[in-house]
Amino acid sequence: MVNYAEDADESIRRRKYRSAAEIAQRKQERAARRSEEEWIQYARDLCYRQLGMMERSVFQLRQSMERNLVPQNIIDQTIQSFCEAGLVDDERFASMYVRSKFAEKTISRRGLQQELVRKGIAQEIISRAVKQIDSEAERDAALDFACRRIRSMASLEPLVIRRRLYGALARRGFSPDHVRYAVESALDSIDSDSANY
C-alpha cells in the first residue's frame, strides 16, 4: 500500500527555501531564455488569467506584465490587441467598478474617484463613471453605513460613537454634510430604539 502522507512529507523536505533575491534572479534567467513568440504567448496568457478573475484596466494589465518582465513592445502589442478585441475597456471597467463598489454602500464618489485614479483610469472616464451616483444616493449610502456600524457600538458612550462614525465616514470620502446627516440620523435611530424598551 502506498503511503501518500509519507510522499508528501518527503516533497516538503526537498523544497528549498529561496530568498527574494534568488526568486528575482530565477525570474530574470527564465525571461532571458524566452523567444519573442514565447513572450507573446506568455503576455496573452497572463492577460487572459488576469481578466478571467475580474475586469481589469489597461494600467493594471500593463503593471502585471511589467512585473513579469515582459518586453515593452510586446506589452504595447498585447494591450492594443486586447483593446481592439473589446476584452479590455477602461470605460466599461470604470463603470462596472463604480456600480459594484457603490452597491456595498461603504464608499463615496470621492473615494471611488481616488481608487480609479490609482487604477490608472483617465480623469474624463472617471467623471463619467461617477455620474451614475447622485448626491441623494450618496447620502443614503452614508446613512446606511452609519446605521450598520452603530449597531456594533451600542455599549459605547454617545460621544465615542459620534467620533468613530464621523471618522469612519470621512475616511470613506463622504462630504461633511452627508457625514453630519448620517451620524445624527443614526444616533436618533438608536435613541428611538432605546426609548421603545
Side-chain angles (χ1 to χ4, degrees), residues 20 23-24 26-146 148-149 168-179 181-182:
I23 292 170
R26 289 184 60 169
K27 195 181 214 182
Q28 290 277 355
E29 290 167 0
R30 279 195 308 269
R33 289 193 300 264
R34 284 195 180 106
S35 67
E36 186 170 348
E37 293 80 30
E38 289 173 325
W39 273 120
I40 292 169
Q41 188 59 49
Y42 178 76
R44 285 183 179 162
D45 291 345
L46 186 61
C47 289
Y48 281 128
R49 278 196 310 273
Q50 293 283 312
L51 293 169
M53 291 183 274
M54 62 191 274
E55 188 83 22
R56 306 278 181 174
S57 68
V58 168
F59 179 74
Q60 289 174 306
L61 290 176
R62 186 176 295 281
Q63 277 187 320
S64 177
M65 286 187 278
E66 286 171 355
R67 273 193 309 272
N68 285 283
L69 308 176
V70 176
Q72 192 60 47
N73 64 327
I74 294 175
I75 291 174
D76 295 339
Q77 291 171 8
T78 305
I79 293 288
Q80 183 179 355
S81 66
F82 272 68
C83 288
E84 288 171 356
L87 297 172
V88 179
D89 182 357
D90 280 353
E91 187 92 34
R92 182 179 66 218
F93 169 80
S95 181
M96 289 174 62
Y97 189 83
V98 166
R99 279 195 309 271
S100 67
K101 287 296 257 185
F102 193 73
E104 299 168 8
K105 301 208 184 288
T106 59
I107 194 164
S108 66
R109 288 181 289 188
R110 190 172 71 201
L112 286 166
Q113 287 173 337
Q114 291 168 349
E115 286 189 15
L116 288 170
V117 165
R118 283 192 295 272
K119 293 184 183 304
I121 304 299
Q123 192 58 51
E124 61 273 4
I125 295 174
I126 293 173
S127 298
R128 286 192 296 272
V130 296
K131 281 184 182 174
Q132 301 174 75
I133 303 166
D134 61 9
S135 183
E136 187 176 328
E138 189 173 25
R139 188 190 71 196
D140 293 344
L143 176 59
D144 184 59
F145 177 80
R148 282 186 285 133
R149 183 57 73 92
L169 288 162
R171 281 190 300 277
R172 283 160 179 76
F174 289 103
S175 72
D177 290 339
H178 291 159
V179 170
Y181 169 79

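Just so it is clear, the values below take in all heavy atoms, side chains as well, and ignore hydrogens, waters and symmetry mates. Please read these numbers as outputs of a predicted model, since none were measured by experiment.
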Q: To the closest 0.5 Å, what do you measure between CG (Leu69) and CD (Gln28)?
A: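 Rounded to the nearest 0.5 Å, the CG-CD separation comes to 5.0 Å.
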Q: When you compare the side chain of Met96 with that of Arg99, does any pair of heavy atoms fall below 4.5 Å?
A: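 Yes, close enough: below the 4.5 Å cut-off.
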Q: So that I can tick it off, tell me whether Arg148 and Asp144 are bridged by a salt bridge, with the cut-off set at under 4.0 angstrom between side-chain N and carboxylate O.
A: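 Yes, this pair counts.
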Q: What's the shortest heavy-atom distance between Glu55 and Phe93, and which atoms?
A: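 Answer, listing the atom of Glu55 first, then Phe93: O-CE1, 3.4 Å.
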Q: Specify the closest pair of heavy atoms between Arg33 and Glu38, including all atoms of both residues, with the distance to one decimal.
A: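 It is O-OE1, 3.8 Å.
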Q: Just so I know, are the side chains of Ile79 and Val88 near enough to count as touching, which here means a heavy-atom distance under 4.5 Å?
A: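 Sidechains of Val88 and Ile79: no contact.
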Q: Got a donor-acceptor contact below 3.5 angstrom from the Arg92 side chain to the Gly86 backbone?
A: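 Answer holds: yes.
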Q: Ile107 and side chain to side chain contact (heavy atoms under 4.5 Å, CB included): which single residue from Lys101, Arg171, Gln114, Glu138 fits?
A: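 Considering Lys101, Arg171, Gln114, Glu138, a side chain to side chain contact (heavy atoms under 4.5 Å, CB included) with Ile107 is found only for Lys101.
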Q: I need the minimum non-hydrogen distance between Phe82 and Arg44, along with the two atoms involved.
A: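 Taking every non-hydrogen atom into account, CZ-O, 3.9 Å.
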Q: Can you name the nearest heavy-atom pair linking Val98 to Ala129, along with the distance?
A: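 What the structure gives for the nearest pair is CG1-O, 3.6 Å.
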Q: Would you check if Phe102 and Arg109 make a side-chain contact, meaning some heavy-atom pair closer than 4.5 Å?
A: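 SC-SC contact between Phe102 and Arg109 ruled out.
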Q: Tell me, do Ile133 and Leu112 make a side-chain contact under 4.5 Å, heavy atoms counted?
A: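 Ile133 vs Leu112: side chains touch.
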Q: Does Gln72 CD have over 12 foreign heavy atoms under 6.0 Å away?
A: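 It does: Gln72 CD has more than 12 such atoms within range.
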Q: About how many Å separate OG1 of Thr78 and CG of Asp45, when rounded to the nearest 0.5 Å?
A: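 Between atom CG of Asp45 and atom OG1 of Thr78 there are 10.0 Å.
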Q: For Gln80 and Asp76, which I'm curious about, is there any donor-acceptor pair between the side chains at under 3.5 Å?
A: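 Absent: no donor and acceptor within the cut-off.
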Q: Examine distances only and state if a side-chain atom of Lys119 and a backbone atom of Ala94 form a donor-acceptor pair shorter than 3.5 Å.
A: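 No; zero donor-acceptor contacts below 3.5 Å.
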Q: How far does CD of Glu66 sit from CD1 of Ile75, to the nearest 0.5 angstrom?
A: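 Rounded to the nearest 0.5 Å, the CD-CD1 separation comes to 4.5 Å.
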Q: Can you tell me how far apart CD1 (Ile40) and CD (Glu36) are? Round to the nearest 0.5 Å.
A: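 Spacing of CD1 (Ile40) from CD (Glu36) equals 5.0 Å.
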Q: Within the distance-only criterion (no hydrogens, no angle test), does the side chain of Arg139 pair as donor or acceptor with the backbone N or O of Tyr181 below 3.5 angstrom?
A: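 Here the side-chain-to-backbone pair does not exist.
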Q: I need the minimum non-hydrogen distance between Ala43 and Met65, along with the two atoms involved.
A: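 Scanning both residues, the minimum pair turns out to be CB-SD, 3.8 Å.
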Q: Any non-hydrogen side-chain atom of Glu91 less than 4.5 Å from a side-chain atom of Ile121?
A: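 No; the side chains remain at least 4.5 Å from each other.
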Q: Just one of Lys131, Arg128, Gln132 clears the side chain to side chain contact (heavy atoms under 4.5 Å, CB included) bar with Ser95, so which one?
A: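 Exactly one candidate clears the test, Gln132.
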Q: Taking Asn68 for the side chain and Val70 for the main chain, is one N or O donor matched with an acceptor at less than 3.5 Å?
A: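 Checked: no pair found.
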Q: When rounded to the nearest 0.5 angstrom, what is the spacing between OG in Ser35 and CD in Gln41?
A: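 It comes to 10.5 Å.
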Q: Does the side chain of Leu169 reach to within under 4.5 Å of the side chain of His178, using non-hydrogen atoms?
A: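 Side chain of Leu169 against side chain of His178, heavy atoms only: no contact under 4.5 Å found.
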Q: Are side-chain heavy atoms of Ile125 and Leu116 found at a separation under 4.5 Å?
A: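 The answer is no; the side chains never approach within 4.5 Å.
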Q: To the nearest 0.5 Å, tell me how far Phe59 CZ sits from Asp90 CG.
A: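 Rounded to the nearest 0.5 Å, the CZ-CG separation comes out at 10.5 Å.
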